[in-house]
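Letters A, B, ... are given to chains in the order of the sequence lines, protein chains preceding strands, and every chain is numbered from 1.
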Amino acid sequence: MQFSKLAVAATAAAIVLGSPAFAQNSVLLPVIIELSGGGATVGNNWKNGVELAAAEVNAAGGILGKKVEIPAVDTQTNPGVARAAIQRALDDKPVAILGPIYSGSVKASMQLTADAEVPQIMGGEAGDLTAQGSKYIFRTSFGQNISMPKLANYLRDGEKAKSVAVVFVNNDFGKGGRDAIIKELNSRNIKVAADLSTEAGQADFAADVIKLKSANADAIFIYLNEEESARFLREAKKQGLNKPMIGETTLLGQKVIDLAGDAANGVKGHVGLTVDAPIPAVQEFGRKFQAKYNYKPDHNGLKGYISVYMVKAAAEKAGKLDPKAIAAALHGMTITPDKVPGILMEASWDNTGEIDRISFLAEVKDGKQVITQTLPKLKN
Amino acid sequence: MSRSALRWSLGLVLLGLVLVFVPVNLTDYGLPYPGLKRYGTYIMTLWLVTAVAAMGVNLIVGYSGQETLAQAAFLGIGAYTTALLTKAGIPFGLAFAASGLLAFVVGILLGIPALRVQKHYLAFVTLAFAVMAWLVFRNEQWLTGGVMGLSGIKRPVVFGINTRPFLTFYWFVLAVTAILTFCMWWMLRSPWGRAFTALRENPVRAESLGIDVRLYKLLTFAIGSAYGGFAGALYAPLVEFIDPSPFALSQSFLYLLMVVVGGAGSFLGPFVGAAIAVLLPEWLRFTETYYLLIYAFLVMLLMAFCPGGIVALVLRLKAALLPKAGKVQP
Amino acid sequence: MAEILQLVIAGLATGAIYALAAIGFTLLWQTSQTINFAQGEFVMLPAFFALVAMNWFGWPFWLSCLVAILVSVLLLGMVFKVIVVDPMLKQGVLPLVISTIALGLLLREGAKDFYSAEAQPFPYIFPDRQVSVLGVQLSLSQIGVLLIALAVIAALQLFLSRTRTGRQMQATAQNPTVARILGVPVERMILYTFIINAALAAMASLLISPIYLAKFSNGEHLGLAAFVAAIVGGFNQVRGAIAGGLLVGVIDNLAAAYVSTGYRQSVPLILLVLFILFRPQGLLGRREERAV
Amino acid sequence: MTSVLDVKNLSRAFGGLQAVRDVSFEVQEGEILGIIGPNGSGKSTLFNCILGQLVPDEGEVRVDGQVVTGLRPSELNRRGVSRTFQLLQVFPQLSVRENLILAGQEHRGSRLRRLFGPRDAGLTPDANRMIDFFRLGHLAEEKAGGLSYGQQKLLDAAMAFMAGPRLVLLDEPAGGVNLTMLASLKERLQAINAETRATFVVIEHNMEFVMSLCTRILVLAEGRLIAAGTPGEIRSNPDVIEAYLGH
């Protein structure tokens, strides 16, 4: 084999490598999201939510008169891939990045968006994401630093639990949540009867359920991803584990209910965001989503949908499509549904990108999530 | 003899020039070539890093006829070593050497028991090791950052030049890859390379000629794994963030696949294989999620009809189309 | 004590399923020197055949299970042998290994792209009720899984030792050359082992999927478990694979409960390495001559 | 004077089958010893036990007075014991010269020197000498796989002598070689024996070849040594005739 021919081949290869150009006359919002791997469920929800919102925004004339473009890239639920994808997306001078959801992927890539001064509207819930000092990171749902105190209050006041067993998934999402809830339980004098780590993608929960049976806690707090939650609930039912099962948003989500079947009935907990919320605009969104994609969205569908409207509202406030100005506009901003209907519920962002919004307590009854109480915003 | 040597060195210089200038924007110099942007250059650098790891696999699989299912784990060892050492303020050069050395030592420790017993047992032991290494990366949060990974890994300063800009870092990796490639080439053309061929083709005969088959197998496995460590040492500053997922067992399978697809036992095989694994998905974006499906299917076709991989396929096609080019080993 | 008993029984139930996969793995290795790295995917896929029959064609569950087994025998048994293994045998062991790795990738991605990337609920064959045995609460479903798996294994053992075809298969497994000289139709026997492998994998799939949920990526874990079970069992005996499977299942559960969940996966692997170091012929395997 | 090879009470069984039982013999420097026996009489097992390919159950093997029982074949080879195989064992994709350099390289310098030193380990002159000696001169650059069977057999033998061994064990060197090549092989073996004083042990089925090549012959039957002596004595030994014809 001759090197000169290789050289020609390499040149040809290099020319093809150039990235595709996007029309300059549009609002580029790359969706960097989990479409495969462990986060496929949440990622697809997010992506569809974004698509739905983008179609509405474009039908209504776009943002500041320009059409929205939302090229989606799969992160494979892999932080390294997510980072590379965001690097690639930043080459095309986007207005904002939408995604990812997994906190590990967010953490791996947030430095890039901060360096490029492009707002990153993401779905991560790890508590420390907004504590890294980035001026360009924005949440679409509560961080664990906000949801866990609400949940601990519910365990104390609602369930009247004196001891709680914690089951969490050993990834960025689960560990963050576990650390947050244990801190909150301790400060409320609730005993942690068991502290069980499980693996991401774990298939067999027999051993965990058997251990929980002998732990004999007043309630079990389950903080796992969708599929693992469902497997756990099925195993718990199979083994006859009769304790109150308490969760945060995910455990009460539609996907878990679909997968776990009867085993999900009776699960209770705190829900940051849900299409079952007793708010007409949110339920209307659920119907539109169901009509278009033929399944019931989970909270990530809502998060994706809202993210587009966040950009729209901030860009209109800033008056220009400049990423830096949009980020600045979002800080300290409150978006209300009467001005921007697509935001669905009034929401505010502080200077770190943390979100504040109302939230709910819910329960699964007969394969359906039922809202039992609405919790107010933290600050008014 | 000397004419062919001249052609070789000319080709080599040309290839070097192309590789050096591929990412550079030449429009300022009056040439109609826009170069590669940040991401394109990143992918080219990733290709080089992957090729270094694949060269190691090729030494183990192609040249000494063993099986390794742990190259991604060795990459991880190198990446974590470099990340932790450079974060502790140790210069990159030392961290790089330590990464290779650690992978080498672990390779020796794994190889000694595995090579005592039957064929394929090295494959089994490496498989077990790959999973265990990954578990350690995930679980030892105090050291590896666990699933959250390690971020803020700095790119090195070489001879006073900061390699932080993506183009400089590409050139740096290109230079390191060139050196590692030369070392591999030198070893394979030395008497060692001859011994590798012998022990792969006929270990019993090789042993009877005084070739210590077990020792050479151990050395190839450890050196091949060290290349994984070196690749990891380059990977960490390239991505500037590491977490356990690129070092999982399934990734080790992909390294094995890419080497066999490129051409196990052929010097250029790992480069071709790495190109197919890293560069091709970028051109075939339109295939989206079907890419791996198509890839797997093509691998199976290739194995059934041309187990020598793409390099052998190209040579075979060349021999068929240009019969005058002389006889070629299939 | 009750806890340990429950853990052991749960472990035996999953272990029996691993054993089903490991037996096929061992059979293929013995008769045709095929290390099937796609074995995990062979266990993942049949559940999807059943789901297609149920959800696309609307067939009842029992019929869908039957169809899944038949389709598996056809595709993962016969077609696999004729299209994938046979053309590769002349190319040697490594290309075949690579080819099965690629096949695993193909099946995994295929299930993902053509059915769904998300986990699918799969019905239990047994009702999920509890029974009390000697004061210990046990799951009916687990006992059912254990019984079915053991029944299948017993039937296979009877077939191998009591029938003419079974004995011919064993002869082929032990030494194809001698078997051929003795007039055993070796080619047909090899085909039978592929069919049995596919049928066992399908059984394993139908038993495990209610627990794991049907998902394209299930093969990764299952393949590793079958692999470890086969090697620990000795790689050259069906009985060894059974013992290996049960052992891996129990140890996995005990490790999860008493060692650490983070490292539970490593315990069977450490077992594997220890066996390779100190007892390379496996739990019940025969000793082989030293290589070189 | 110590003998070059000294085998004492060697035994080896496979399962229930006693392949070699209590075999003892010595070989003196420069001798060409033949070992014959019917198929399955244990010749190959005996060879493999001496050469470290198999570990004997009992007994001892000494080379130049030193115990080498159980040493790995490569270690034994570096101590000056080399061999050929019953079936052809050259490296087909290496050239004739490369094959020879391979056969000699592990005997030269340290392993590290071989990594950093010249590509041929300084063995080209030796290899060329060996090529000339076995009259393969016109084939030096050819790939070994392209040679005729007889030529490969010569190369196989040449490889065994490349490192200047003390003791060479030849496993059926005449098998499958045509008559002219056979004469040439025998003549070269005798020449190298005369020139280097190397000691040979030969297993062979071709009686004519053995009788004319060897100075002394041992006969194995059912794993036991049943006779020893000069070719003439063996030819007339009734036990030997019984062993060959009795079954």
Let's test your reading of the structure: which of D:Glu75, D:Glu106, D:Glu98 forms the most heavy-atom pairs below 4.5 Å with chain B? D:Glu106
Heavy-atom pairs under 4.5 Å with chain D - which of B:Leu219, B:Thr197, B:Asn202, B:Leu215 has more of them than the others? B:Asn202
Please classify the contact of D:Leu51 with chain B as side chain, backbone, both or neither, using a heavy-atom distance under 4.5 Å. neither
Considering all heavy atoms of both residues, which atom of B:Asp212 and which atom of D:Ser74 are nearest to each other, and what is their separation? CA-OG, 3.7 Å
Proximal component of D:Arg111, with respect to chain B [non-hydrogen, under 4.5 Å]: both
Shortest non-hydrogen contact between B:Arg205 and D:Asp156, atoms and distance: NH2-OD1, 2.6 Å
Where on D:Met162 is there a heavy atom nearer than 4.5 Å to chain B: the side chain, the backbone, both, or neither? neither
Should the heavy atoms of other residues, nucleotides or ligands under 6.0 Å from CZ of B:Arg189 be counted, would the total exceed 12? yes
Largest heavy-atom contact set with chain B, pairs under 4.5 Å, which of D:Leu123, D:Ile101, D:Leu76: D:Ile101
Does B:Phe305 CZ have over 12 foreign heavy atoms under 6.0 Å away? no
Quick one: pull up CD in D:Gln105 and CD1 in B:Ile211 and give me the separation to the nearest 0.5 Å. 6.0 Å
Chain B contact via D:Gln89 - which portion, at a heavy-atom distance below 4.5 Å: both
Counting only heavy atoms closer than 4.5 Å, note whether D:Pro92 contacts chain B via side chain, backbone, both or neither. neither
If you count every heavy atom of other residues, nucleotides or ligands that lies below 6.0 Å from D:Gln190 atom CD, does the total exceed 12? yes
Can you find a pair of side-chain heavy atoms, one from D:Phe91 and one from B:Leu209, that are under 4.5 Å apart? yes
Which atoms form the tightest heavy-atom contact between B:Arg194 and D:Asp120, and what is the distance? NH2-CA, 4.1 Å
Atom of B:Trp186, atom of D:Leu115 and distance for their closest heavy-atom approach: NE1-O, 2.9 Å
Taking all non-hydrogen atoms of both residues, which atom of D:Pro73 and which atom of B:Glu207 are closest, and how far apart? CB-CG, 3.3 Å
Select, from D:His107, D:Arg108, D:Met159, the one with the greatest count of heavy-atom pairs under 4.5 Å involving chain B. D:Met159
Minimum heavy-atom separation for D:Arg114 to B:Ser190, with atom names? O-CB, 3.8 Å
